[in-house]
Structure formats: C-alpha cells, structure tokens
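Take a look at the structure below.
Labels below follow one simple rule: chain letters A, B, ... track the order of the sequence lines, proteins then strands, and each chain is numbered from 1. A quick note: this is a predicted structure, and the numbers were derived from the prediction, not measured.
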Number of protein chains: 2
Amino acid sequence: MREGPDIARIASLVGDPARANMLNALMGGTALTASELALEAGVSLPTASSHLSKLMEGGLLTLASQGRHRYYGLAGPQVAGMIEAITGVAEAVGPKRVRPGPRDGAMRVARVCYDHLAGEQAVAMLDRLVEKEILLRDDKEIRLGPSAAPHFAAIGIDLDAKPRRPVCRACLDWSVRRSHLAGTLGAAILDKILAEKWARREKDSRAVIFSPPGKQAFERVFLG
Amino acid sequence: MREGPDIARIASLVGDPARANMLNALMGGTALTASELALEAGVSLPTASSHLSKLMEGGLLTLASQGRHRYYGLAGPQVAGMIEAITGVAEAVGPKRVRPGPRDGAMRVARVCYDHLAGEQAVAMLDRLVEKEILLRDDKEIRLGPSAAPHFAAIGIDLDAKPRRPVCRACLDWSVRRSHLAGTLGAAILDKILAEKWARREKDSRAVIFSPPGKQAFERVFLG
DNA sequence: AGAATGCTTCGATGAGGAACGAACTATGCG
DNA sequence: CGCATAGTTCGTTCCTCATCGAAGCATTCT
C-alpha cells in the first residue's frame, strides 16, 4: 500500500453520475451557474450545491461570483484533459455504437451552450460576422464594430438594453474546436432564433433543430 | 441530463482507494496476481477478488490465466493514459509540497507509464523524433514517417513484428504537460533501454534511473 | 423598505457498496 | 488419492454518501 497523490479522491469526485454530468456540461468551456448545473445533472438545487462544494474543495472547479450569480467553471486545462481521458476510456470500453446516433449529429450542427448558440452553425455565424467586420476580434477578445449597433437594431436586437454581462465573448466549441459567440449578444441571437421559431430545442437535450425555412431565414440574416 | 459515454462508471471504478492502489501498482507494467494486488491495496483476498472482477467487468483490466495463477494487467495504453491524467490532477490539486522530494525529481525526469517511458526524457525524445521527421504528428495523432522503419531497424527494433495494438500513440505527460510516445513502439523503446542496461527501475516505484553512460547512449541514439 | 431571485445549509431518510469470515472450487504436489 | 495453495462466491454487517424538503443568507429589482 504505497503513498502517492490521492488519485482515488479525485476519481471518486468524477465517479458520481450527477457530478460527472456537471463536469461534462462544463467541458463546453463556459462557466455555468449552480441552477443550470442542477438542471444539467438532473438533481435538485440543494443536491447540486452540495456536489459543487465538493468539487470546489477537490480543486476541480473555479468559482466566479458576479452579484447573486455564481459561475462555476473547470479549474483548468489539466482537469479538462483528465475528463477527456476518462471519456475516451468510457467510449472505448462502453457499448460500441456503430453509428453516432442522430442526436449526436444534431448536437454537432447546433446546440445550446448555456444561453447562446453553439455548434457548426454558431461557428459559421461568428466567422461571417467578423468577416463583415460587424464584429472585430483581436486575439481572443471580441468587440463590436462601428456598424454593429445599426446592423443588429435592424434585426430587432438592441445592444444598449443589456445588463452588465459582457456583450461579446468567445466560447470554445468542443465539436468544431473553434470559437462561437457568447455574451449577451450571443444570448440575444439565440433568443431571436427561438422566438422567430426558426428552430426548436430538443427536449431534454442541448440540441437545437432548425426547420428548413428557419435555417434559410437564419442564413439570410446572419450568414448573408 | 444527457446520455453519453458512462464516464461516471469508469471514474467510480478508479474512485475506490483499494482499486486505485491496484491500478497504480499495475502502472509499473508488469501483470500481478490477485494476492499480490490484495497486499498492494491493503485489503483481504476476498475483497481484492471482488474489486478485480469489477475492474474486469468495467473493461479496465485484462486477465491471463496461467495454471492456478491469474495475472491481472491494465487493459491497454489508453487506460494507462487515463490513470496518468488523473494522477496529474491529483498532484496538482493535492497538498502542494514546497519541495518535490528526490524521488519526485527522478519521476519527473523519467518513469514508467504502463509499458513505455514517460517524463522529460520521453517528451524530449518524441520532440526530436518528430523534428527529424522519423515520426509525423498531425493534430493529435502520431504516424510513422518514411524513414521510420530503417531508422528503428538499425537500432534493433523491428516495427513489423508488432501485434494489432497501435504502433504510435500520444500519451499526455502530467509532469511536463506535453505528449510522449506510447503504443508498441514506445514499449519497444523502453524494452531496449532496460535491456541495454542504460537505466534501471527504482524498486517499488515507477521511477527510471539512467546511469551516466546509459544516458549518453540514450541521447546519442534517440536525441542525436 | 419589501419582494423576488439565486444559492447554501440543515436534518432526516434511504440505498448502494466496501469490508471480512466462512465455505466452496480449482490447480498443483507428494 | 489426500493435502496445500490460489482464488472466487456467499452472506452479513456496517458505514458512507446521495438525495430532497424546509429553512436560512445574500443580492438585486422596484
């Protein structure tokens, strides 16, 4: 019985289904609030809170308090790498799905990441907005371009009427490995997509399904 | 509550102290019997047996029956990589020892990861092999370059005489946070290092200690 | 200030699972 | 054959820990 780093302690933190679901959700790269993580894990808020404090104590999470919101995020790339490694083993060992189910395909195309759109559609949209210089990206930051306010106003999105959360944020997309648009603007765009009924959210999933006319409309407005 | 690979199941297998000790012991690369693992984990034989069947069922171990002995070993490099990743997080998160003891120093330089070499030496070796284009790395995959076969043949490593395990694999090194070489090639190189007596294995540890002339020889062959 | 929201703590309940001793199976040795 | 060694299975005991409802803080909105 040798003494080493307490690997069992770390592994058992990930070994609870509720906590595993939370960590999995955080693999998207965005920090999430306790209630979102509770929903994600399928447990009540008190239970989630208990799990979160354990994960914090275990050093797997970081906490950013913003007013009455508390955003939990993965503690770092090393933790993310560990989750990825465990996921890899679980996939290799688990029932080998011959075909990646349709839900997985839909998730890759478009899904909800916290409160904004993620997936191939979202990455394409950000690319196009930057290309048209409506948004400007320096390094890893995204800022509004001069034509941003009128452009979004024309679509029905008012950039000024937003709370103090950052308007633009880059959020790393796990399926495409590139950034998509987060922040209040990202959230407002997702709101519009759902309000216009261009797409609907799959029940009990983060997948977002565009209707054929909805997809056309979306592409006309944001990719045109 | 999404459905994915059952990461909690795998993690909880590692999350029990007794099982974690067993897996840790198997990271040495040699297969061990149930009684040895019981001793290693500090539990009774029946308890160990129960744990071992769970690990088997979870697909983390392989079993080789030889007469009345049953040798348990890690199921593959992927599992070893996962254990390393978890160990890395545990070390990073655990009580930060101000001074990394001498054994830790040796571990950082060179150690056994399942059946191949890890640590700074191993990372440097992979870097050099890629630099010389003997190996090619695309994204996260490593493949043999055109000159690989003759190069390794000259050293006495036959790349064709290998089973169906992948020849090259990247394995994330927790101490350096970069990849080293796993797969059958990684295993063959470790074999050679030990066979040539360039280095010896520390008793009851995964540390690998190079002798001064052995280190020179290793660097001439693999870093030259 | 008061109300509403987001989150944590407390307390009670319950289920899963880790542990071991004893009994059982299998292989090897004289 | 019997005896010893290696390992698994069974049954029981026990304890941890996940879970939730209710109540308690904290922060923001009106």
Closest to the side chain of B:Ser49, out of C:dC7, D:dT9, C:dT8, is D:dT9
At under 4.0 Å, does any side-chain N or O of B:Ser44 touch on OP1 or OP2 of C:dG21? no
Between P of D:dT8 and CG of B:Leu45, the distance in whole Å: 8 Å
Do side-chain atoms of A:Arg200 reach the backbone of A:Ser211 as a donor and acceptor pair under 3.5 angstrom? no
Using a 4.0 Å heavy-atom cut-off across all strands, classify B:Thr33 as base, sugar-phosphate, or nothing. sugar-phosphate
Reckon B:Tyr71 touches a base, only the sugar-phosphate, or nothing at all at heavy-atom distances under 4.0 Å? nothing
Would you say A:Gln121 and A:Glu219 make side-chain contact, with heavy atoms under 4.5 Å? yes
Within this structure, what is the CG-to-P distance between A:Leu13 and D:dC17, rounded to whole angstrom? 10 Å
Of the candidate nucleotides C:dC20, D:dT8, D:dA18, which contains the atom at the shortest distance from the side chain of B:Val43? C:dC20
Distance in angstrom units between B:Arg70 CZ and C:dG28 P, rounded: 13 Å
In whole Å, I'd like the distance from the CG atom of A:Leu52 to the P atom of D:dC17. 17 Å
Need one value for A:Ala18: base, sugar-phosphate or nothing, where a base atom within 4.0 Å counts as base even if backbone is also close, heavy atoms only. sugar-phosphate
Specify the residue among B:Lys54 and A:Ser50 whose closest nucleotide of DNA chain C lies further upstream toward the 5′ end. A:Ser50
Atom pair distance, as rounded to whole Å: CG in A:Asp16 and P in C:dG16: 13 Å
To the nearest 0.5 Å, tell me how far B:Leu181 CG sits from B:Cys113 SG. 11.0 Å
Just how far, in rounded Å, is C1' of D:dG7 from CE of B:Met56? 14 Å
Can you measure B:His51 atom NE2 to C:dA19 atom C1' for me and round it to whole angstrom units? 8 Å
Taking the side chain as every heavy atom from C-beta outward, state whether A:Leu74 and A:Leu60 have any atom pair closer than 4.5 Å. no
Over how many whole Å does the gap from A:Leu39 atom CG to C:dT5 atom P extend? 17 Å
Side-chain touch A:Tyr72/A:Leu55, heavy atoms, less than 4.5 angstrom: no
Would you indicate what A:Thr47 reaches in the nucleic acid, counting non-hydrogen atoms under 4.0 angstrom: base, sugar-phosphate, or nothing? base
